[in-house]
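Residue numbers begin at 1 in each chain, while the letters A, B, ... track the order of the sequences.
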There are 2 protein chains.
Amino acid sequence: MGGGGGTSDRILDAALTSFGSRGFEATSLDTLAKQLDIRKQTILYWFPTKDALLSAVIERSAAELAQAFESGLEGAGEGWAKVEAVVRAVFRLAARRPELLGLVREVARLGPPPATQMIEVLDPLMRRASDFLKAEMDAGRMRRHDPRLLLLAIYSTVIGMVTEVEVLKALGEEPTARSLVRRRADVLELLRSALRIEE
Amino acid sequence: MGGGGGTSDRILDAALTSFGSRGFEATSLDTLAKQLDIRKQTILYWFPTKDALLSAVIERSAAELAQAFESGLEGAGEGWAKVEAVVRAVFRLAARRPELLGLVREVARLGPPPATQMIEVLDPLMRRASDFLKAEMDAGRMRRHDPRLLLLAIYSTVIGMVTEVEVLKALGEEPTARSLVRRRADVLELLRSALRIEE
DNA sequence: CCGCCCATCTACCAAATGGTAGACAACCCC
DNA sequence: GGGGTTGTCTACCATTTGGTAGATGGGCGG
């Protein structure tokens, strides 16, 4: 399968981009095919249904996301440094592969079964993150919150700051690389304050 | 128009709910009609096209949102009290009319022209909010941030905490009224820390 | 009482969409 | 050299979808 894999990988790339930016339902097999200069029957040769294509996109993307989180955690210290490392990793991903984060939003919007599939892959990481936050709070190195709700808040803030392009423009900011850097700084500042222990 | 308005209002209600939860493209005129026990031609009698229906839904929703924000601002004091009042108003809305916030997300996702339409209505409020935050920072009553990015962060966090139901469930929390109260408390705590001036 | 208007419907249309079946060419291996 | 496999295509199908045109019945006003 490695030989002809060029086409199926190109299909997955195009599908990821379109699903993550235009949405799953707004993306037709014909428009994807047109972008790739192939026929939709070729897509259906590699992926028997449109849902199967989505499933393959999610599988690959979830793996890539998990890898990005893992690499963000490598070398990270404790407490805030670790949170910062992960947030920076997500922003790096946003810079290189914005469609991935767009897909995360889209899949969450679609609900089960796509959302379930994505979550099954990311769940171990989410549990580790939650456990880590709880341990830091128990050790008194981080202000006490419900770790799960804190995770949701972090997720919401980070993903929103990265993907809510229309709202960003409405606020007078263009979605440039420079703006992304500033948004990252803001998110880190906000989260650092929220997590800090104060006397 | 008041006489026959029963049907067109019911259409708008059903459309809001479906657009806000399933998405615009995933909602067909036929399925909306079925829910209302009418024919899609009846929908097209009141709204000439599906896009016109969306536009009408946005117009009504944006007005309702603006009103909720305004009412949140009434009676509010200064600084943090004002931010808290607005956040509480949004959570009240989330409890009563969750589909409204779902629509906000969906419209932002769709981009122009729907996003432009929504933003045109909310822009004056966003400017007031931004100006307010800037004035508070200038007066030294609030930690200094870029007011526009802070607004985006607040928007992202609040909307995410309210609407990211799949992620919430993945974190082991059911989207109940009780959970909404706890999420509100968390968001307020997080934002309060972020905005606090510290010595 | 009748005509007009409104609101809902039936019938229909064209295009889009996801999908199936088989043709065909290139390549590889026996 | 021929048969089989792979990957791409054409042709086609059924259903869905957004929309149009005109029929119909109820209600209201002159």
Side-chain angles (χ1 to χ4, degrees), chain A residues 1-60 103 106-107 109-114 117, chain B residues 1-60 103 106-107 109-114 117:
Chain A
M1 188 90 57
T7 305
S8 68
D9 279 342
R10 287 175 58 227
I11 292 169
L12 285 171
D13 285 341
L16 167 60
T17 300
S18 195
F19 291 163
S21 54
R22 287 174 50 79
F24 178 69
E25 297 106 353
T27 300
S28 70
L29 295 177
D30 266 315
T31 57
L32 273 186
K34 214 165 277 166
Q35 282 165 27
L36 294 162
D37 204 25
I38 60 176
R39 300 291 176 268
K40 70 179 167 183
Q41 286 71 44
T42 303
I43 297 176
L44 290 166
Y45 172 80
W46 293 98
F47 306 94
T49 67
K50 190 183 180 188
D51 281 342
L53 175 58
L54 175 63
S55 190
V57 167
I58 291 172
E59 185 174 357
R60 208 176 67 156
L103 185 81
E106 176 65 0
V107 164
R109 183 184 74 83
L110 292 169
Q117 188 189 346
Chain B
M1 187 91 55
T7 305
S8 65
D9 278 343
R10 286 173 62 227
I11 293 169
L12 286 171
D13 285 341
L16 167 61
T17 301
S18 196
F19 291 164
S21 55
R22 287 174 49 79
F24 178 68
E25 296 107 352
T27 301
S28 70
L29 295 178
D30 268 315
T31 58
L32 274 186
K34 213 164 277 167
Q35 282 164 27
L36 294 163
D37 203 25
I38 61 177
R39 301 290 177 270
K40 69 178 166 181
Q41 287 71 42
T42 304
I43 298 175
L44 290 166
Y45 172 80
W46 292 99
F47 306 94
T49 66
K50 190 184 180 188
D51 281 341
L53 174 60
L54 176 62
S55 191
V57 166
I58 292 170
E59 184 174 357
R60 206 175 70 154
L103 186 81
E106 176 66 359
V107 165
R109 184 185 72 84
L110 293 169
Q117 187 190 347

Whether A:Ser18 side chain and A:Ala15 backbone form a donor-acceptor pair below 3.5 Å: no
Whole-Å distance separating the CZ atom of B:Phe24 from the P atom of D:dT17: 13 Å
Position toward the 5' end of DNA chain D (nearest nucleotide), A:Lys40 or B:Leu29: A:Lys40
Phosphate contact (D:dG7 OP1 or OP2) by A:Thr42 side-chain N/O below 4.0 Å: no
Test: B:Arg22 and A:Glu25 ion pair at under 4.0 Å: no
Separation of atom CZ in B:Arg39 from atom P in C:dT10, rounded to whole Å: 4 Å
Interatomic distance, B:Lys50 NZ vs D:dT16 C1' [rounded to whole Å]: 11 Å
Lys/Arg cation over aromatic A:Phe24: A:Lys50, 6.0 Å, 45° cone: yes
Phosphate OP1/OP2 of D:dT8: any A:Thr7 side-chain N/O under 4.0 Å: yes
Touch class at under 4.0 angstrom, heavy-atom based, for A:Thr31 against every strand present: nothing
salt_bridge(B:Arg10, B:Asp37) N-O dist < 4.0 Å: no
For atom NZ of B:Lys34 and atom C1' of D:dT16, their distance in whole Å: 10 Å
Interatomic distance where OH belongs to B:Tyr45 and C1' belongs to C:dA7 [whole Å]: 5 Å
Heavy-atom pair of closest approach, residues A:Ile11 and A:Ile43: CD1-CA, 3.8 Å
First encountered from the 5' end of DNA chain C, between A:Asp30 and A:Pro48: A:Asp30
Spacing between B:Leu44 atom CG and D:dT17 atom P, to the nearest angstrom: 14 Å
Length of the line joining A:Leu32:CG and C:dT17:C1', which is rounded to integer Å: 13 Å
Under 4.0 angstrom between A:Ser28 side-chain N/O and C:dT17 OP1 or OP2: yes
Selected nucleotide, minimal atom distance to B:Ile38 side chain, candidates C:dT17, D:dC9, C:dC9: C:dC9
Nearest-angstrom distance from the residue atom CH2 of B:Trp46 to P of C:dA7: 4 Å
